[in-house]
Amino acid sequence: MSILKKIKELKELFDSDYKLLIENQLDVTFIFNKYLGRKGLLNTLYPLLSKSNKEEKSDFGKKINDFKQYISSKLEKDLLINDTNELKSEIDLTLPESYQSHGSVHPITLIVDEIKNIFLKIGFSSIYGPEVDSDYYNFEALNIPKHHPARDMQDTFYINDNILLRTHTSGSQIHFMENNKPPIRILSPGRVYRNEDISVRSYCLFHQIEGLYVDENVSFAELKGTLEYFAKEFFGSDVKTRFRPSYFPFTEPSAEMDVYWGLNSESDYRITKGTGWLEILGCGMVDPEVFKSVKYDTKKISGFAFGLGIERIAMLKYGIDDIRLLYEGDSKFLRQFKK
Ligand code: DAH
């Protein structure tokens, strides 16, 4: 009998057996052995192959393989045969699934998400500002002209004379106001860069969240109320906060907010410089010069802004005493933040 005829015959036989299998009248191991086992029907084809002539051999070989493939793919789907055509019958199907290790959300992202949710409840939405920006958005439009001493506070990575890596998220205020009218309630989280010496306390990049509230008749009391609400939601209702006068070219008056951290250990002395208080943000009433750069009517419009340092808050919240741990991607460190 020719090979092709034999294959056709076996295929018909297999199809009818397969039907019985589906109807639960035959057992999979039985079918597997009947066709693909060591003494299975497929092996009866090979002696015929060796008898066929040279030209036909490779074609017939391929036909046998296709048929083998056909059988195993049918049985494989639901019947536990792997691609080497061995039955996995020794596997105990009642065993629990093997442990798979998944990544976790980075602590910086955890903090950003938590803060975003707190401000979301009082009507703020989150926007994106570019990390590579121009001198104009990062400095000029924020009332920090060339040669202004405030530029010294933010050692800048310049890409060329005009383009830089943003040193703070405040530039996103300008981008947003250029394209939108008040009332405005936004947060703009993201990465910022400064050419600082790397140490336990500082790194060449870090994260901030910028906040901006603009409307008619916005008061300093609203600024304080908003930030105190945030501190209570984030650190707990018994948190102690204080505002200290400060200076930023883009706000007037300006302040910084501290939270009370305590002085219980030697490291508390170190991180709070012996005061027990830790600065977490800068803020103030938007300077009219800033509104002028976006062509807002300074007689009608007022607002407040704030900039939160995320690393500080993450270190406070999780008791991290070396900022560099946040950027090393060490899985032993990151695993601790798994929820
Ligand atoms: N951009 C400031 C910084 O990086 C932080 C800041 C202070 C942002 C006061 C503000 C603000 O919006 O009003 O140091």
Side-chain angles (χ1 to χ4, degrees), residues 108 112 115-116 119 124 126-127 129-131 133 135-145 148-157 164-178 182 184-196 201-215 218-228 230-231 241-259 278-291 293-294 296 301-313 323:
I108 294 288
V112 170
I115 295 176
K116 279 205 291 203
F119 280 98
F124 282 73
S126 181
I127 61 128
E131 286 179 31
D133 212 347
D135 190 279
Y136 175 78
Y137 287 99
N138 197 75
F139 292 127
E140 210 84 24
L142 289 162
N143 197 29
I144 318 176
H148 191 289
R151 289 202 182 200
D152 291 348
M153 296 183 336
Q154 305 187 355
D155 236 335
T156 311
F157 288 112
L164 45 79
L165 298 184
R166 67 175 176 190
T167 58
H168 54 180
T169 43
S170 300
S172 46
Q173 292 184 28
I174 306 295
H175 284 287
F176 192 81
M177 286 193 286
E178 274 184 351
I184 288 170
R185 261 173 268 171
I186 51 151
L187 289 186
S188 180
R191 226 172 227 205
V192 303
Y193 302 82
R194 289 189 201 173
N195 192 359
E196 281 177 14
R201 291 172 62 98
S202 65
Y203 202 69
C204 52
L205 65 88
F206 52 99
H207 298 75
Q208 291 185 333
I209 296 186
E210 193 74 17
L212 179 68
Y213 185 110
V214 182
D215 205 342
V218 178
S219 69
F220 195 85
E222 284 169 282
L223 163 62
K224 273 189 85 175
T226 304
L227 294 177
E228 273 163 5
F230 155 70
T241 52
R242 74 175 183 192
F243 284 82
R244 276 178 299 105
S246 184
Y247 171 76
F248 300 101
F250 34 91
T251 43
E252 181 58 35
S254 303
E256 278 167 292
M257 188 171 93
D258 299 340
V259 293
L278 206 91
E279 177 214 320
I280 60 159
L281 61 85
C283 60
M285 302 305 291
V286 178
D287 194 295
E289 287 303 314
V290 174
F291 285 142
S293 10
V294 293
Y296 280 4
I301 294 299
S302 52
F304 64 75
F306 54 91
L308 277 151
I310 305 301
E311 274 72 358
R312 269 277 165 91
I313 294 176
I323 195 169

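Indexing begins at 1, ligand by ligand and atom by atom, following the structure's order.
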Can you list the atoms of ligand 1 that are under 4.0 Å from a heavy atom of [X]?
X      : result
Gln208 : 3 (C), 4 (O)
Ala305 : 12 (O), 13 (O)
Gln173 : 12 (O)
Phe248 : 7 (C), 9 (C)
Arg194 : 3 (C), 4 (O), 14 (O)
Gly284 : 13 (O)

Practice task
Can you see which heavy atom on Leu142 is nearest to which on Phe250, and at what distance?
Solution key: O-CB, 3.4 Å

Donor-acceptor check, side chain of [X] to backbone of [Y], threshold 3.5 angstrom: yes or no?
X      : Y      : answer
Gln208 : Thr169 : yes
Glu222 : Ser219 : yes
Arg166 : Arg191 : yes
Arg242 : Asp258 : no

Practice task
Would you please classify the geometry between the His168 ring and the Phe139 ring as parallel, tilted or perpendicular, with 30° and 60° separating the classes?
Solution key: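 Taking His168 first and then Phe139, their aromatic rings sit tilted (interplane angle of 30° to 60°).
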
Handout entry: Region of Glu256 that comes within reach of ligand 1 [heavy atoms, distance under 4.0 Å]
Key = neither

Exercise for the section: Check Ser170 against ligand 1 and report side chain, backbone, both or neither, counting heavy atoms closer than 4.0 Å. Expected result: side chain

Exercise for the section: Would you please determine whether Phe250 falls within less than 4.0 Å of ligand 1 on a heavy-atom basis? Expected result: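 Yes.
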
Exercise for the section: Apply ring-ring contact (aromatic ring centres under 6.0 Å, His included) to Phe119 and Phe306, showing your working. Expected result: CA-CA 12 Å; Phe119 280 98; Phe306 54 91; 5.3 Å; yes

